[in-house]
Engineer: 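First the structure, then my questions, so here it is.
All of these numbers come straight from a predicted model, not from anything done at the bench.
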Amino acid sequence: MPDLPARTASLLAPLRHRDFRLLWIGACASLAGDGVYLIALAWQAYTLSHTPTALAMLGVCATVPQLLALLGSGVLSDRVERRRILLGADVIRFVAVLVVAVLVMSGQTHMWQLAVLSVVYGLGAGVAAPAFDAIIPDLIPHQDLQQANVLDQFLRPAMLRLGGPALGGVLIAVNGAGTAFLFDAMTFLVSALCVWQMGARRRAVALSDSSEGTSLLADAFAGVRFVKSRTWLWGTLASTTVAYLLFMGPTEVLLPYLVKEVLHGTASDFGIILGAGGVGAIAAALIVGQMGLPRRQLTFMYLCWTVAALAVAGYGLATAGWQLMIISLVINGLEAAGVVAWATTKQLLVPAEMLGRVSSLDWFISIAGLPVSYALTAPVAALIGAQTTFIAAGVLCAGVNFAALFLPHMRDADGALRAAQRPTLQGHAR
């Protein structure tokens, strides 16, 4: 068994590459800001309106523009320099959040302003997501991809679910939500500066040249055909669409409601609960980084997501904040382990010139049901109760995930992954 320093060196291997390092310095800053934003937006929404409907509306306002942006951003990221796409998305969100921060600190905030901010935030996320996914194989060699995805699942929750929410709760408690929004705006500026310093342009130009003579629509349909021809892709995207429809609305809308209105917690309590999820995701990433993914990594992914969905039902059974913390830790840990397997699978089995479009479809199809989920959450919770909504969502979501694993030819991807990894493994044999 390798010693701990060797494992740590392996985990940090992708950071040896300058452009990848810059990408993740900027990403860590903006993710921490996103974690602060989650707390600030939820708390400001419930300050202006004490019902789940307000936050659900903001979820719809963010998700619909994100979906619309995803329709074209995948093709765009396979044609245009991906660095510029990320830079533009950061600058737009910096300006939008800064304006809202000023409004909140001046006491002039209204729900429609938060709705406009949510729209811009969603557009920026929809434009940036496929470009971010697709640029990673441009920056590092294939043998570092798994460790890059482990780092993603280590740093993302550390910032988004742990450091960011905890800091957001403190900022709101000490100086109010306006300061939290201001912090988020500054993190987008840091990210933009880091992306600006990146020098990796060669692959993006090559991809753009390979697309000459074809229309944007033809490129988009080529991406759809590629996904339809592979069960592991379309089956996962379809099952994720249904799963997100079932549990994302309750998780995003009802969890802060449960903390604030049912358990009478504070913003700091909510931040700690989200932070516990970050701890779980970090722990899972470290374990996967040290032990590696199982040989049947797609099967492993589905089993992780099935158990995580069952854990969502635990939110409906919890009667104290510490129980919500444990459940959040389990859910996010299992989800992170599955995401490492999923990201590595895409990067190994999808050609580089197609990865932007596939990532776009991944994001689009996976979250297509979110506006409906957000919109249905409040009336369903009003009808059957918030706790019962969590229980039903978790059980149904687990059933969908487990059933998808048994689609015809779904598990063929495990064999394809072993074949794709074999040359790399042989090339690094000692």
Side-chain angles (χ1 to χ4, degrees), residues 23 27 30 34 59-96 115-138 188 191-192 195 198 200-201 203-230 233-234 236-238 240-241 244-245 248 342-343 346-347 350-374:
L23 178 72
S30 64
D34 287 344
V60 173
C61 288
T63 309
V64 172
Q66 184 177 2
L67 289 171
L68 293 175
L70 285 168
L71 286 173
S73 59
V75 176
L76 188 67
S77 68
D78 283 341
R79 283 175 167 258
V80 177
E81 185 186 330
R82 290 160 180 165
R83 186 185 67 101
R84 292 185 178 181
I85 296 173
L86 295 173
L87 181 62
D90 280 340
V91 170
I92 290 170
R93 286 177 288 181
F94 161 70
V95 173
V116 172
L117 171 63
S118 298
V119 169
V120 176
Y121 222 89
L123 284 171
V127 169
F132 188 93
D133 286 352
I135 202 173
I136 291 175
D138 296 348
F188 281 120
S191 178
V195 172
M198 289 170 58
R201 301 175 176 83
R203 178 69 64 84
V205 172
L207 290 177
S208 178
D209 291 343
S210 69
S211 298
E212 288 183 0
T214 61
S215 67
L216 292 173
L217 189 60
D219 284 352
F221 279 121
V224 172
R225 287 194 299 271
F226 182 87
V227 170
K228 287 176 62 178
S229 67
R230 288 154 176 82
L233 265 175
W234 69 258
T236 301
L237 299 186
T240 304
T241 299
Y244 274 29
L245 172 65
M248 280 300 292
W342 174 240
K346 284 195 303 180
Q347 291 162 353
V350 177
E353 66 273 11
M354 189 69 69
L355 191 53
R357 279 164 283 179
V358 171
S359 293
S360 175
L361 286 169
D362 182 7
W363 281 95
F364 179 83
I365 296 176
S366 296
I367 64 176
L370 288 190
V372 179
S373 184
Y374 287 134

Engineer: Ignoring hydrogens and angles, tell me if any N or O in the side chain of Arg93 forms a donor-acceptor pair with the backbone of Ala89 under 3.5 Å.
Structural biologist: yes
Engineer: With Tyr244, which residues qualify under ring-ring contact (aromatic ring centres under 6.0 Å, His included), at least two apart?
Structural biologist: Phe247
Engineer: Identify the two heavy atoms, one from Arg82 and one from Ser77, that lie closest to each other, and give their separation to 0.1 Å.
Structural biologist: NE-O, 2.6 Å
Engineer: Taking the side chain as C-beta and beyond, is there a heavy-atom pair between Asp34 and Tyr121 under 4.5 Å?
Structural biologist: yes
Engineer: Side chains of Ile85 and Ser73: closer than 4.5 Å at any heavy-atom pair?
Structural biologist: no
Engineer: Hey, is the main chain of Ala27 close enough, under 3.5 Å, to the side chain of Ser30 for a donor-acceptor pair?
Structural biologist: yes
Engineer: Quick one: are Trp342 and Asp362 in side-chain contact, heavy atoms under 4.5 Å?
Structural biologist: yes
Engineer: Output, in order, the C-alpha distance, side-chain angles, deciding distance and verdict of side-chain contact (heavy atoms from CB on, under 4.5 Å) for Ile135 and Met198.
Structural biologist: CA-CA 11 Å; Ile135 202 173; Met198 289 170 58; 3.9 Å; yes
Engineer: Walk me through it: do Leu355 and Asp133 pass the test side-chain contact (heavy atoms from CB on, under 4.5 Å)?
Structural biologist: CA-CA 8 Å; Leu355 191 53; Asp133 286 352; 5.8 Å; no
Engineer: Measuring from atom OG1 of Thr63 to atom CE of Met248, what distance do you get when rounded to the nearest 0.5 angstrom?
Structural biologist: 8.0 Å
Engineer: Got Leu361 and Phe226 here, is their nearest side-chain heavy-atom distance under 4.5 Å?
Structural biologist: no
Engineer: Begin from the C-alpha positions of Gln66 and Leu123 and carry the test side-chain contact (heavy atoms from CB on, under 4.5 Å) through to its verdict.
Structural biologist: CA-CA 5 Å; Gln66 184 177 2; Leu123 284 171; over 6 Å; no
Engineer: Any side-chain heavy atom of Val372 within less than 4.5 Å of one from Leu245?
Structural biologist: yes
Engineer: Identify the heavy atoms of Ala96 and Val120 that sit nearest to each other, and give their distance.
Structural biologist: CB-CG1, 3.5 Å
Engineer: Under the criterion side-chain contact (heavy atoms from CB on, under 4.5 Å), I'd like the reasoning laid out for Val195 against Arg84: C-alpha separation, chi angles, the key distance, then a yes or no.
Structural biologist: CA-CA 8 Å; Val195 172; Arg84 292 185 178 181; over 6 Å; no
Engineer: Would you give the length of the straight line joining atom CG of Asp138 to atom CD of Glu81, rounded to the nearest 0.5 angstrom?
Structural biologist: 10.5 Å
Engineer: Less than 4.5 Å apart, side chain to side chain, heavy atoms only: is that true for Leu23 and Phe132?
Structural biologist: yes
Engineer: Give a yes or no on whether the backbone of Gly74 and the side-chain of Arg357 come within a donor-acceptor separation of less than 3.5 Å.
Structural biologist: no
Engineer: Taking side chain as C-beta onward, heavy atoms only, is Leu67 less than 4.5 Å from Trp363?
Structural biologist: no
Engineer: Return yes if some donor-acceptor pair links the side-chain N/O of Ser191 with the main-chain N/O of Asp90 below 3.5 Å, else return no.
Structural biologist: no
